Amino acid sequence: MPDYNPQEIEKKWQRKWEEEKIFEAPDSSKKPKFFVLDMFPYPSGDGLHVGHPRGYIGTDVIAHYMRMKGYNVLHPMGWDAFGLPAENYAIKTGIRPAISTEKNIKRFKEQMQMLGLSYDWSREINTTEPGYYKWTQWIFLKLFERGLAYRRKMPINWCPSCKTGLANEEVVAGKCERCGAETGKKDIEQWVLKITDYAEKLLKGLGGLDWPEKIKEMQRNWIGKSEGADIMFQIQNPKSKAQNQKTRDNNFIKVFTTRPDTIFGATFMVLAPEHELVEKIVAPEQFDEVRKYQEETKNKSDIDRQLGNKEKTGVFTGAYAINPANQKEIPVYIADYVLPNYGYGAIMAVPAHDERDFAFAKKYNLAIEEVELDKTVEQATKWLEKKGCAKSAVNYKLRDWIFSRQRYWGEPIPLVFCEKCRKEIEKGNYKKGEFNKGELLNPGWIALPEKDLPLTLPELEKYEPTGTGESPLAQEKRWTETICPKCGGRALRETNTMPQWAGSCWYFLAYVMLGAQNKKAKSKKLNSKFKIQNSKLIKHWLPVDFYVGGAEHAVLHLLYSRFWIKALYDAKIIDFDEPFKKLRTIGLILAPDGQKMSKSRGNVINPDDIVKEYGADTFRIYEMFMGPFDQPIAWDPKGISGAKRFLDKVWRMEVSGTDNLLTDKIVKKVTEDIEAGKFNTAVAAMMEFVNSASKGIGKKNLEIFLRILAPFAPHVSEELWQKLGHRKSIFCEKWPAYNQKLIKEQDLSLIIQINGKVRGIIVVPAGLSENEAVNLATESESVKKWLKNKNIQKTIFVKDRLINFVV
RNA sequence: GCCGGGGUGGUGAAACUGGCAAACACGAUGGAUUCAAAAUCCAUUGCCCGCAAGGGCUUGAGGGUUCAACUCCCUCCCCCGGCACCA
């Protein structure tokens with residue numbers, strides 16, 4: 001047989017598989033369904049580097065395996081194409097985002113097809129197509145209708161470089177997740193999604209998911225549930241003769257604490273400088289100092305406040321509160337170590353039990369009272385509840401999701417603002433049912449009716465973000481000025497767009513929707529016909545059975561998507577409330593220098609080059625073999641030759657008459673390893689098998705081997721399969737079975753130990769009894785000398801494994 | 001600081017439920033083949049002692065449980081990832 005030439009066979013089979021549509025998933029089938037999904041990529045201008053396909057190859061192995069196991073496998077791919085780079089590119093070059101995006105997608109797709117990935121391309125989706133984002137908008141309106149979207153002016157994270165607001169999840173250590181610029185605060189009107197309404201459900205739901213513990217833990221920490229009590233502290237008339245004494249009366253400070261049992265040790269209180277009560281309670285003589293401190297806090301960046309110098313600072317307000325447990329008068333301070341947006345932005349300070357309070361008390365010479373804790377948390381809560389000043393409570397760190405972006409290249413938010421409707425709502429001048437819950441919650445904001453969707457993104461001359469907090473869309477008057485769908489009056493469109501994450505919250509539904517439409521209309525784009533609500537197809541295919549992607553999405557996409565799905569479930573639009581049953585994360589592939597691959601470092605390895613030199617199968621084998629799937633690993637330019645040698649050996653395997661090699665063991669190993677996602681050891685086992693078969697292999701055994709190799713190296717396997725005289729694709733074959741009994745019946749090595757040290761090995765038939773084993777062992781030459789002049793005190797026998805003599 | 005995951009040859013790593021530590025591969029060394037090279041094939045390749053037969057040691061460190069520990073328990077060190085003044 002001539003040498004194995006990947007260039008000759010790979011293109012051929014890729015074309016053939018496409019023509020015969022063998023990887024397309026029919027919507028109706030008697031087979032059980034299996035939905036295996038990759039996190040779809042953002043098609044950047046740089047194309048794929050060798051790191052991206054690692055996950056795609058892993059899911060491809062699973063997809064092939066499950067198809068051969070008899071499942072109807074849905075394995076689609078698409079493009080998460082809204083986002084800043086395309087827009088920034090447009091600003092620089094004037095090339096419209098839609099154009100550059102299309103070009104990038106073409107390149108990504110070519111690269112994926114070059115690797116022979118078995119996607120059902122008839123279901124390819126693109127989040128930036130109007131037919132797609134119609135549904136993103138539709139789902140947004142469902143959330144809006146349910147009162148899960150509200151508009152609010154609030155200080156939010158602001159990236160000065162991207163010139164847009166960001167969600168908390170997008171700020172990593174005080175820096176913009178995307179560009180790395182230090183973020184600040186900006187007061188702008190925002191659409192915010194009430195993800196906090198789902199805090200408990202998002203937390204509980206984790207329990208039933210087969211996800212890496214690490215990711216679940218990250219979500220748990222992000223949600224950050226604490227149980228404790230809300231306690232009210234009454235403001236006391238201060239001893240000074242303040243002018244604003246009256247307004248200070250009857251004011252309460254509400255705090256949340258996880259340790260109500262320590263209340264006797266509460267010797268002062270601290271409000272966040274931003275707390276609204278500060279203005280009301282501040283004593284005139286403290287006014288200037290308090291104002292000054294508030295200004296300082298405002299000017300502090302997130303980094304300074306949270307990560308920087310943790311030296312405590314603060315200012316006395318001049319006011320006092322009454323500790324409801326012991327009626328003691330305690331001073332009220334403001335300090336920036338109390339955060340405005342957790343709990344109530346106020347704490348009871350217990351310096352004897354809290355490090356931060358202790359540091360503050362030390363610095364400002366405040367009382368530190370040791371207390372005997374005579375009550376449990378529960379008892380203390382009950383006791384305070386009886387006194388009427390507390391209530392057990394739960395708090396979450398999770399904040400609502402800031403959802404609007406002051407940028408162009410995103411889904412338009414399908415709402416208009418109508419001044420007339422606002423007035424009617426505020427006057428209460430409307431019929432029941434005339435406005436939905438979202439419209440009543442946000443007076444003047446009116447939802448577009450479904451028939452007006454999609455609200456398409458207009459083309460612009462200039463994409464430059466304004467930096468003022470206004471979206472570039474605001475300049476396009478012909479687009480923003482419109483008519484209110486409720487009253488027919490003049491209205492203005494919302495000009496902010498949705499964040500990058502919106503389109504990916506539901507995209508796994510889109511593959512199913514598009515599949516259904518393809519069949520009927522031969523359309524390659526989503527349209528309005530499909531009804532998500534109670535769709536039988538969505539019921540059939542969802543949830544996703546196996547999901548693979550990067551761990552960096554732990555508290556972004558993976559959290560947001562769960563939120564949307566839970567909200568759609570509650571709206572009775574879908575019948576499942578978790579999108580991804582099983583999740584596995586991929587370890588990053590680093591450059592040979594151990595650094596992250598990046599254009600600026602100049603250390604990127606391009607898969608095109610690798611495929612050109614070694615072929616797609618070698619590339620696939622190497623990526624699966626190089627190390628555990630979920631661990632980061634550096635690309636080793638030399639390592640790939642091992643994968644190539646392996647496939648060369650497979651190619652050279654000679655069919656020689658008898659089937660004397662037993663394949664049960666290798667089939668079992670590869671089957672179990674695929675199921676466990678241990679692709680590296682599956683490949684290792686196949687290498688071992690091929691080494692042992694180098695002197696020849698029977699035809700039947702070769703056929704079995706090719707079938708287990710096929711998911712990893714589809715082209716070579718298919719080529720050799722057809723060379724053996726088969727007409728149908730190897731992927732239409734069944735996954736080989738193995739016989740557990742035959743594996744057990746083989747001869748095996750029995751270890752002989754003396755005092756726990758290995759002193760000999762004997763080959764014995766399986767199932768040997770203890771007596772037989774002892775006889776064989778004591779007769780063995782290598783063992784005899786160790787037993788000479790020794791008494792065997794104890795014999796430990798582990799069947800088919802070892803025998804240990806204690807002497 | 002808290003949470004999660006790790007630490008095994010020159011390198012990437014493997015080891016089921018406690019049962020031969022280092023499978024598989026890269027690299028290296030020697031040999032065969034070749035005019036030569038590539039490719040291929042064979043051998044060696046954890047460390048130490050020994051001419052050898054053979055023996056001893058070895059999974060971050062120290063201790064423990066056990067006939068037997070990479071695996072379980074305790075103490076400590078280091079690395080990676082996440083969160084971080086969350087009351």
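As the structure is a computational prediction, the values presented were derived from the model and not from experiment. Below, each value reflects all heavy atoms present in this structure, side chains not excepted, and no hydrogens, waters or symmetry copies. Convention: sequence-line order gives letters A, B, ...; per-chain numbering from 1.
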Engineer: Starting from P on B:C20, measure out to CZ on A:R801 and report it in whole angstrom.
Structural biologist: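 Rounded to the whole Å, the gap is 8 Å.
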
Engineer: Using the C1' atom as the reference point in each nucleotide, state the distance between B:U34 and B:C41 in Å, no decimals.
Structural biologist: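 Straight-line distance between the two C1' atoms is 13 Å.
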
Engineer: Please name the nucleotide paired to B:G81 by Watson-Crick or G-U wobble geometry with both distances under 3.5 Å, or report none.
Structural biologist: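 Paired with B:G81, as far as the under-3.5 Å criterion goes, is B:C3.
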
Engineer: If the P atom of B:C57 is compared with that of B:C70, how far apart are they to the nearest Å?
Structural biologist: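 These two P atoms come out 13 Å apart once rounded.
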
Engineer: Atom CG of A:N341 and atom P of B:A84: how far apart are they, to the nearest Å?
Structural biologist: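 In whole Å, B:A84 P and A:N341 CG are 12 Å from each other.
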
Engineer: Heavy atoms under 4.0 Å, any strand shown: does A:F625 hit a base, just sugar-phosphate, or nothing?
Structural biologist: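 The answer is base, as A:F625 lies within the cut-off (heavy atoms under 4.0 Å) of a base atom.
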
Engineer: Over all strands shown, is A:K678 touching base, sugar-phosphate only, or nothing at heavy-atom distances under 4.0 angstrom?
Structural biologist: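 Result for A:K678 = sugar-phosphate.
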
Engineer: Is the cationic atom of A:K644 (NZ for Lys, CZ for Arg) positioned less than 6.0 Å from the six-membered ring centroid of A:Y614 and within 45 degrees of its normal?
Structural biologist: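 Pair A:K644/A:Y614 does not count as cation-pi.
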
Engineer: May I ask you to say what A:K638 touches in the nucleic acid, namely base, sugar-phosphate or nothing, with a heavy-atom cut-off under 4.0 Å?
Structural biologist: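 Here A:K638 touches the backbone only, sparing every base.
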
Engineer: Mapping A:G627 and A:V555 onto RNA chain B by nearest heavy atom, which one lands closer to the 5' end?
Structural biologist: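 Taking each residue's closest nucleotide, the earlier one in sequence belongs to A:G627.
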
Engineer: Should B:C76 form a Watson-Crick or G-U wobble pair with both distances under 3.5 Å, which nucleotide is its partner?
Structural biologist: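 With both distances under 3.5 Å, B:C76 matches B:G60.
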
Engineer: Tell me what A:R220 touches on the nucleic acid: a base, only sugar-phosphate, or nothing, going by heavy atoms under 4.0 Å.
Structural biologist: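 Nothing, no nucleic acid heavy atom in range.
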
Engineer: What's A:P628 touching, base or sugar-phosphate or nothing? Going by heavy atoms closer than 4.0 Å.
Structural biologist: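 The residue A:P628 makes sugar-phosphate contact but no base contact.
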
Engineer: What is the distance, to the nearest angstrom, from the CD atom on A:Q793 to the C1' atom on B:C67?
Structural biologist: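 Distance, rounded to whole Å: 11 Å.
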
Engineer: Rounded off to whole Å, could you give me the CG-to-P distance for the A:D648 and B:A38 pair?
Structural biologist: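 These atoms are roughly 17 Å apart.
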
Engineer: How far, in whole Å, is B:G9 from B:C3 if one measures between their C1' atoms?
Structural biologist: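 Straight-line distance between the two C1' atoms is 33 Å.
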
Engineer: Can you find a side chain N or O atom of A:S226 that sits less than 4.0 Å from OP1 or OP2 on B:A87?
Structural biologist: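 Yes, because at least one side-chain N or O of A:S226 sits under 4.0 Å from OP1 or OP2 of B:A87.
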
Engineer: Quick check: are there more than 12 heavy atoms from other residues, nucleotides or ligands sitting under 6.0 Å from CD of A:E213?
Structural biologist: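 Correct, the count exceeds 12.
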
Engineer: Here's a test of your reading of the structure: between A:E217 and A:W222, which maps to the more 5' nucleotide of RNA chain B?
Structural biologist: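 Mapping each residue to its closest nucleotide by heavy atoms, the 5'-most match is A:E217.
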
Engineer: Take the angle between the ring planes of A:Y560 and A:W501 and call it parallel below 30°, perpendicular above 60°, tilted in between.
Structural biologist: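 Tilted: the ring planes of A:Y560 and A:W501 meet at 30° to 60°.
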
Engineer: Take atom P in B:G55 and the same atom in B:G60, then report the distance between them in whole Å.
Structural biologist: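 That atom pair is separated by 26 Å.
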
Engineer: Give a yes/no on whether any side-chain N or O of A:K214 is located under 4.0 angstrom from OP1 or OP2 of B:G5.
Structural biologist: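 Looking at the OP1 and OP2 atoms of B:G5, neither is under 4.0 Å from any side-chain N or O of A:K214.
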
Engineer: When all nucleic acid strands are considered with a 4.0 Å heavy-atom cut-off, which category describes A:V758: base, sugar-phosphate, or nothing?
Structural biologist: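 Sugar-phosphate, no base atom in range.
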
Engineer: Rounded to whole angstrom, note down the P distance from B:G64 over to B:G27.
Structural biologist: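 The same atom, P, in both gives a distance of 44 Å.
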
Engineer: Base, sugar-phosphate alone, or nothing: which one does A:E213 contact when heavy atoms must sit under 4.0 Å apart?
Structural biologist: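 Since no nucleic acid heavy atom lies under 4.0 Å of A:E213, the category is nothing.
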
Engineer: If you measure from the C1' atom in B:U66 to the same atom in B:C80, how many Å do you get, rounded?
Structural biologist: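 Taking atom C1' in both B:U66 and B:C80, they lie 33 Å apart.
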
Engineer: In the strands shown, is B:A23 matched to any nucleotide by a Watson-Crick or G-U wobble pair with both distances under 3.5 Å, and which?
Structural biologist: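 Answer to the pairing question: none, since B:A23 forms no Watson-Crick or G-U pair.
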
Engineer: For B:U44, give the paired nucleotide (Watson-Crick: N1-N3 plus N6-O4 or O6-N4; G-U: N1-O2 and O6-N3; both under 3.5 Å), or none.
Structural biologist: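 WC or wobble partner is B:A28.
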
Engineer: Counting side-chain heavy atoms from CB outward, which of B:C3, B:A23, B:A87 is closest to A:A684?
Structural biologist: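 Closest nucleotide among those given: B:A23.
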
Engineer: Which part of the nucleic acid does A:D357 contact within heavy-atom distance under 4.0 Å: base, sugar-phosphate only, or nothing?
Structural biologist: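 Since no nucleic acid heavy atom lies under 4.0 Å of A:D357, the category is nothing.
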
Engineer: Rounded off to whole Å, could you give me the CE-to-P distance for the A:M218 and B:G5 pair?
Structural biologist: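 Checked: the CE to P distance equals 13 Å.
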
Engineer: Does any part of the side chain of A:N680, heavy atoms only, come nearer than 4.5 Å to the side chain of A:M624, both counted from C-beta?
Structural biologist: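 No, their side chains stay 4.5 Å or more apart.
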
Engineer: Counting only heavy atoms not in A:K596 (residues, nucleotides, ligands), do more than 12 fall under 6.0 Å from its NZ?
Structural biologist: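 Counting other residues, nucleotides and ligands, NZ of A:K596 stays at 12 neighbours or fewer.
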
Engineer: Under 4.0 Å, counting only non-hydrogen atoms across every strand here, what does A:R759 touch: a base, just sugar-phosphate, or nothing?
Structural biologist: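 Sugar-phosphate, no base atom in range.
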
Engineer: Would you please test A:F233 and A:F252 for ring-ring contact (aromatic ring centres under 6.0 Å, His included) and show each step?
Structural biologist: CA-CA 5 Å; A:F233 286 69; A:F252 287 86; 9.8 Å; no

Engineer: For A:Q753, which contact category applies under a 4.0 Å heavy-atom criterion: base, sugar-phosphate, or nothing?
Structural biologist: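 Base, at least one base atom sits under 4.0 Å.
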
Engineer: Once hydrogens and angles are ignored, does a donor-acceptor distance under 3.5 Å link the base of B:C67 to the side chain of A:N804?
Structural biologist: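 Answer is yes: a donor-acceptor pair is held.
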
Engineer: Taking the side chain of A:V338 as heavy atoms from C-beta outward, which of B:A25, B:C83, B:A87 is closest to it?
Structural biologist: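 Per side-chain heavy atoms of A:V338, the pick is B:A87.
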
Engineer: Check whether any side-chain nitrogen or oxygen of A:N691 sits under 4.0 Å from OP1 or OP2 of B:A23, and answer yes or no.
Structural biologist: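 The answer is no; no side-chain N or O of A:N691 sits under 4.0 Å from OP1 or OP2.
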
Engineer: With A:K375 as the cation and A:W383 as the aromatic partner, state whether NZ or CZ is under 6.0 Å from the six-membered ring centre and within 45° of the axis.
Structural biologist: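 That pair qualifies as a cation-pi contact.
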
Engineer: Got more than 12 heavy atoms from elsewhere within 6.0 Å of NZ, A:K363?
Structural biologist: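 Enclosed: over 12 neighbouring heavy atoms sit under 6.0 Å from NZ of A:K363.
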
Engineer: To the nearest Å, give me how far apart CG (A:L750) and C1' (B:A68) are.
Structural biologist: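 In whole Å, B:A68 C1' and A:L750 CG are 15 Å from each other.
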
Engineer: Could you measure between the two C1' atoms, the one in B:C49 and the one in B:A39, and give it in whole Å?
Structural biologist: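 Pairwise C1' distance, B:C49 against B:A39, rounds to 41 Å.
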
Engineer: Decide, for B:G81, between syn and anti: a glycosidic angle within 90° of 0 counts as syn, anything else as anti.
Structural biologist: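 That one's anti.
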
Engineer: Determine the contact category for A:N395: base if any of its heavy atoms lies under 4.0 Å from a base atom, sugar-phosphate if only primed atoms, P, OP1 or OP2 are that close, otherwise nothing.
Structural biologist: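 A:N395: no heavy atom of the nucleic acid under 4.0 Å.
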
Engineer: Students often get this wrong, so: under 4.0 angstrom with heavy atoms, is A:T795 touching a base, only sugar-phosphate, or nothing?
Structural biologist: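 A:T795: no heavy atom of the nucleic acid under 4.0 Å.
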
Engineer: What is the separation between atom CD1 on A:I796 and atom P on B:A68, rounded to the nearest whole Å?
Structural biologist: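 Going from A:I796 (CD1) to B:A68 (P), I get 8 Å.
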
Engineer: Enter the distance from A:N221:CG to A:K216:NZ here, rounded to the nearest 0.5 Å.
Structural biologist: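 A:N221 atom CG to A:K216 atom NZ measures 13.5 Å (nearest 0.5 Å).
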
Engineer: Now, which nucleotide makes the Watson-Crick or G-U wobble pair with B:U65, with each of the two distances under 3.5 Å?
Structural biologist: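 Pairing partner, where one exists within any strand: none, as none qualifies.
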
Engineer: If I pick the P atom on B:C26 and the same atom on B:C35, what distance separates them, to the nearest angstrom?
Structural biologist: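 It works out to 27 Å between them.
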
Engineer: Counting side-chain heavy atoms from C-beta on, which of B:G12, B:A14, B:C83 comes nearest to A:V172?
Structural biologist: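 My answer, after comparing the listed nucleotides, is B:C83.
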
Engineer: Is any side-chain N or O of A:K312 under 3.5 Å from a base N or O of B:C85, one able to act as donor and the other as acceptor?
Structural biologist: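 When only heavy-atom distances are counted, A:K312 does reach the base of B:C85 through a donor-acceptor pair under 3.5 Å.
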
Engineer: Counting side-chain heavy atoms from CB outward, which of B:A14, B:A23, B:C26 is closest to A:E688?
Structural biologist: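 Per side-chain heavy atoms of A:E688, the pick is B:A23.
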
Engineer: Just checking A:I751: base, sugar-phosphate only, or nothing, at a heavy-atom cut-off of under 4.0 Å?
Structural biologist: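 Answer is base: heavy atoms of A:I751 come under 4.0 Å of a base.
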
Engineer: In whole angstrom, give the distance that lies between atom CD of A:E177 and atom P of B:G82.
Structural biologist: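 Atom CD in A:E177 sits about 12 Å away from atom P in B:G82.
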
